[in-house]
S.K.: 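Please find one structure pasted underneath; my questions will follow.
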There are 2 protein chains.
Amino acid sequence: MTAKRAKRVSIKDIAREAGVSPTLVSFVLNGKQKQYRVSDQIADRIREIVKQLDYKPNGFAKSLREGTNNTIGVIVSDIANPFFANMVKNIENVAEDRGYMALFASSDEKSEKLSDQLGRMLRKEVEGVIVVPCEGSDDIIRTLVDKRIPTVLLDRYIPDIRTNYVCLDNRKAGYDATESLIKKGHRHISLLCYDLKLSNMKGRIEGYKEAMEIYGLKSEIKIQYVSMDSLERSCTKAIDKLISEGCDAVVCATNSITVMCLKHLQRLKLNVPEDIDVMGFDGGNEFDFYDSPLCFMTQPTETMAKKAVDILTHILQSDEGFITQIEAEGTISEHRPLRDN
Amino acid sequence: MTAKRAKRVSIKDIAREAGVSPTLVSFVLNGKQKQYRVSDQIADRIREIVKQLDYKPNGFAKSLREGTNNTIGVIVSDIANPFFANMVKNIENVAEDRGYMALFASSDEKSEKLSDQLGRMLRKEVEGVIVVPCEGSDDIIRTLVDKRIPTVLLDRYIPDIRTNYVCLDNRKAGYDATESLIKKGHRHISLLCYDLKLSNMKGRIEGYKEAMEIYGLKSEIKIQYVSMDSLERSCTKAIDKLISEGCDAVVCATNSITVMCLKHLQRLKLNVPEDIDVMGFDGGNEFDFYDSPLCFMTQPTETMAKKAVDILTHILQSDEGFITQIEAEGTISEHRPLRDN
DNA sequence: GATTATTGCTAATTCGTTTTAGTTAGTTTT
DNA sequence: AAAACTAACTAAAACGAATTAGCAATAATC
């Protein structure tokens with residue numbers, strides 16, 4: 001039922017046309033002319049015919065024979081999230097540089113979907129994968145690692161599983177974010193975060209606590225958990241509570257929380273940073289028109305993408321399984337509203 | 001030099017273990033037990049062993065034999081652009097539903113990169129491609145079509161090339177956008193756009209002109225071209241000019257232009273829509289914090305993605321080359337600032 | 001002038017599937 | 001009891017490339 005497309009030209013067709021054996025064609029095509037001393041005459045003739053017939057090697061045959069296809073799989077948790085869209089773009093570029101092709105998929109933060117995607121990728125014979133694990137995907141990642149499939153986790157790691165990862169140093173990021181508010185003179189600093197078991201969230205929470213403790217604000221520690229599903233409602237509620245409790249600054253553990261938080265503050269006609277100071281995470285172009293000064297913790301996306309690909313390709317090309325775990329450092333960057341320009 | 005991974009179990013290993021020929025194993029694995037009347041006993045035994053040895057069919061061999069691999073290639077012009085990130089996500093979902101795997105790449109609006117990506121995809125044996133052509137890619141697309149590679153253009157078509165495409169009806173979108181401003185009572189309506197030969201831009205420009213003419217505003221037609229490379233500078237200049245000429249509304253032909261335009265108006269302390277009304281294209285989350293009411297032309301991304309995949313898979317599965325060209329309709333949607341909620 | 005190298009090529013195998021064309025043994029039909 | 005069927009299986013070819021082993025012919029060596 002499949003469309004009948006023109007029959008492909010194979011190495012044999014070229015050989016027949018050139019009056020030589022397929023072996024020679026293969027030699028020439030793979031730059032082994034010297035090694036197998038194919039005469040220049042014949043080599044030129046072969047190259048000529050290859051061009052004439054517009055020969056393209058068959059990747060299936062090649063991969064079947066060689067057992068590799070220079071393809072890696074990349075599964076992020078949400079491709080439509082600018083942070084990951086950017087990551088994906090960088091990964092693709094680096095992979096290309098390293099001679100690999102990257103296959104992308106998005107799990108939409110659902111472990112069942114992640115499992116499906118992984119299955120499909122492995123069936124497509126990717127040699128290794130870069131995965132952003134989602135909540136509840138521990139077992140999936142565990143089998144992946146147990147099966148010795150070259151794996152690099154991205155953005156989040158799983159504490160019990162010994163494998164490669166490239167994440168932000170979330171503890172430090174949480175610490176630095178909190179510390180920066182403390183140094184600005186705030187005392188009643190609250191944290192707004194998701195109640196997730198994911199390492200990135202855990203790390204940020206820990207960092208927040210640690211900073212508060214070290215600066216003698218242990219009693220001020222106040223963590224508000226919001227829900228991903230009813231983000232707006234739970235954020236609104238959480239912020240109302242914080243404010244009623246006299247909170248003067250808040251660390252928002254993700255970009256989505258930051259956005260919701262700022263929206264509600266705007267609704268309440270509260271000014272940032274005068275009435276309440278806000279520290280965000282991973283700010284994107286949502287803030288193009290936000291008109292108060294604001295600080296963010298930003299991740300070195302490009303470096304992280306590069307590292308992830310490098311680790312993976314290195315595993316694929318070397319003989320044994322060392323493990324590399326990288327925690328990148330976040331940077332505090334400032335958003336300046338337009339009117340200040 | 002490649003990592004020595006455990007030898008894969010093949011159909012032969014299973015056959016040996018079960019004491020039957022590989023043929024039977026293949027029959028059972030492909031659900032042809034009935035058709036080739038394999039005894040239930042043997043079939044069960046085979047299935048048992050398949051599970052035991054954790055056999056996974058080799059995709060290369062399968063594809064080599066069958067000549068297909070149910071994979072399509074998708075090249076967008078910029079994966080980090082939310083509009084395309086969204087498109088990609090939708091395409092992936094639909095493709096999966098249709099039993100296809102989608103391979104993604106981003107050309108970053110560079111025709112050389114597009115050419116590279118296409119080459120790599122075709123070498124990976126994708127059966128067809130969905131491509132967002134970029135400026136200067138006409139020849140690349142032409143050879144693609146000439147080579148009979150199943151192709152669907154997305155977002156932009158190329159007038160001289162007879163092939164499938166799914167685009168916005170940009171002429172109508174430009175018309176409707178302009179008309180909506182006219183109906184609000186504006187007369188001095190200007191268009192801000194890129195000087196590109198891409199069909200989507202051309203269409204929007206035409207639509208603008210058409211609306212102006214039909215409503216008797218031909219003499220008011222004023223088109224300002226801005227440059228992609230120095231977007232901020234050229235936008236600033238263009239807007240200053242428009243305002244000095246007494247313009248009271250502007251249609252921005254892309255989202256990037258809309259953002260720049262609004263930023264500059266904010267800088268000039270001009271109010272939207274009182275001082276100058278603005279009509280944007282493809283608004284995203286950049287406007288979360290934009291505090292004036294604003295209208296956009298938005299595209300039915302999901303439907304477009306679906307159509308593109310459907311057209312492609314249909315070509316792949318049917319016998320001959322009909323051509324489908326779809327122009328989707330845009331919708332005007334309103335952005336309401338927070339304080340109005 | 002016999003032996004050994006070197007040059008330039010080919011045949012044949014392998015990778016793991018799918019599928020077509022058989023084969024064998026057992027069962028009906030006449 | 002010969003002829004025709006059927007059920008249950010197997011052998012072999014094919015997909016397209018890479019590679020190893022080997023075979024002529026010519027050239028170099030002693």
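In what follows, chains carry the letters A, B, and so on, assigned in the order in which the sequence lines appear, proteins first and then strands, with residues in each chain numbered from 1.
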S.K.: Rounded to the nearest angstrom, tell me the gap between atom CZ in B:Phe60 and atom P in D:dA17.
M.R.: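 B:Phe60 atom CZ is separated from D:dA17 atom P by 15 Å.
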S.K.: With respect to the side chain of A:Glu66, which nucleotide from D:dA17, D:dT19, C:dT19 is positioned closest?
M.R.: D:dT19
S.K.: Kindly state which residues belonging to residues 47-54 of chain A come within less than 4.0 angstrom of DNA chain D, counting heavy atoms of the residue only, listed by number.
M.R.: none
S.K.: Evaluate the salt bridge (charged side-chain N to carboxylate O under 4.0 Å, His left out) criterion for residues B:Asp116 and B:Lys113: first the C-alpha distance (whole Å), next the side-chain angles of each, then the deciding distance (0.1 Å), finally the verdict.
M.R.: CA-CA 5 Å; B:Asp116 283 1; B:Lys113 199 163 176 195; over 6 Å; no
S.K.: With rounding to the nearest 0.5 angstrom, report the CG to CD1 distance, A:Leu29 to A:Ile46.
M.R.: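 Those atoms lie 8.0 Å apart.
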S.K.: Against A:Leu114, only a single residue in A:Val131, A:Asp108, A:Val132 fulfils side-chain contact (heavy atoms from CB on, under 4.5 Å); can you say which?
M.R.: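 The residue from A:Val131, A:Asp108, A:Val132 that satisfies side-chain contact (heavy atoms from CB on, under 4.5 Å) with A:Leu114 turns out to be A:Val131.
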S.K.: Roughly how far, to the nearest 0.5 Å, is CD1 of A:Ile49 from OH of A:Tyr55?
M.R.: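 With rounding to 0.5 Å, OH (A:Tyr55) is 13.5 Å from CD1 (A:Ile49).
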S.K.: With a 4.0 Å limit, can you tell me whether A:Lys32 has a side-chain N or O closer than that to the phosphate oxygens OP1/OP2 of D:dT19?
M.R.: yes
S.K.: Would you mind telling me which of B:Asn93, B:Asp310, B:Thr313 makes a side chain to side chain donor-acceptor pair (under 3.5 Å) with B:Arg98?
M.R.: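 When B:Asn93, B:Asp310, B:Thr313 are each tested with B:Arg98, the side chain to side chain donor-acceptor pair (under 3.5 Å) holds only for B:Asp310.
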S.K.: Taking only N and O in the side chain of A:Asn58, is any of them less than 4.0 Å away from OP1 or OP2 of D:dC15?
M.R.: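 Checking D:dC15 against A:Asn58, no side-chain N or O comes under 4.0 Å of OP1 or OP2.
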S.K.: Apply salt bridge (charged side-chain N to carboxylate O under 4.0 Å, His left out) to the pair B:Glu109 and B:Arg156, showing each step before the final yes or no.
M.R.: CA-CA 12 Å; B:Glu109 300 280 7; B:Arg156 310 155 188 180; 3.0 Å; yes
S.K.: To the nearest Å, give me how far apart CG (B:Asn30) and P (C:dT19) are.
M.R.: 7 Å
S.K.: How is B:Ser26 classified with respect to the nucleic acid when contacts are heavy atoms under 4.0 Å: base, sugar-phosphate, or nothing?
M.R.: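 Touches a base.
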S.K.: Nearest whole angstrom, please: distance from the C1' of D:dA8 to the CD1 of B:Ile46.
M.R.: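 Those two atoms, CD1 and C1', are 12 Å apart.
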S.K.: Out of curiosity, A:Met101 CE to A:Glu127 CD, how far, rounded to the nearest 0.5 Å?
M.R.: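 So the gap between those two atoms works out to 13.5 Å.
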S.K.: Side-chain N or O of A:Lys62 versus OP1/OP2 of D:dA18: is the shortest distance under 4.0 Å?
M.R.: yes
S.K.: I need a per-nucleotide contact map over nucleotides 6-11 of chain C, read 5' to 3'. Cutoff is protein heavy atoms under 4.0 Å; write B for the base, S for backbone only, - otherwise.
M.R.: -BBSBB
S.K.: Between C1' on D:dT19 and CG on A:Leu64, what's the gap in Å once rounded to a whole number?
M.R.: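 Answer to the nearest Å: 14 Å.
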S.K.: When you look at CZ of B:Arg162, are more than 12 heavy atoms from neighbouring residues, nucleotides or ligands closer to it than 6.0 Å?
M.R.: no
S.K.: Between the base of D:dA18 and the side chain of A:Arg65, is there a donor-acceptor distance below 3.5 Å?
M.R.: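 It does, because a donor-acceptor pair links the side chain of A:Arg65 to the base of D:dA18 below 3.5 Å.
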S.K.: Is B:Ser111 close to B:Ile140 at the side-chain level, that is, under 4.5 Å between some pair of heavy atoms?
M.R.: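 The answer is yes, as the side chains (C-beta and beyond) meet within the 4.5 Å cut-off.
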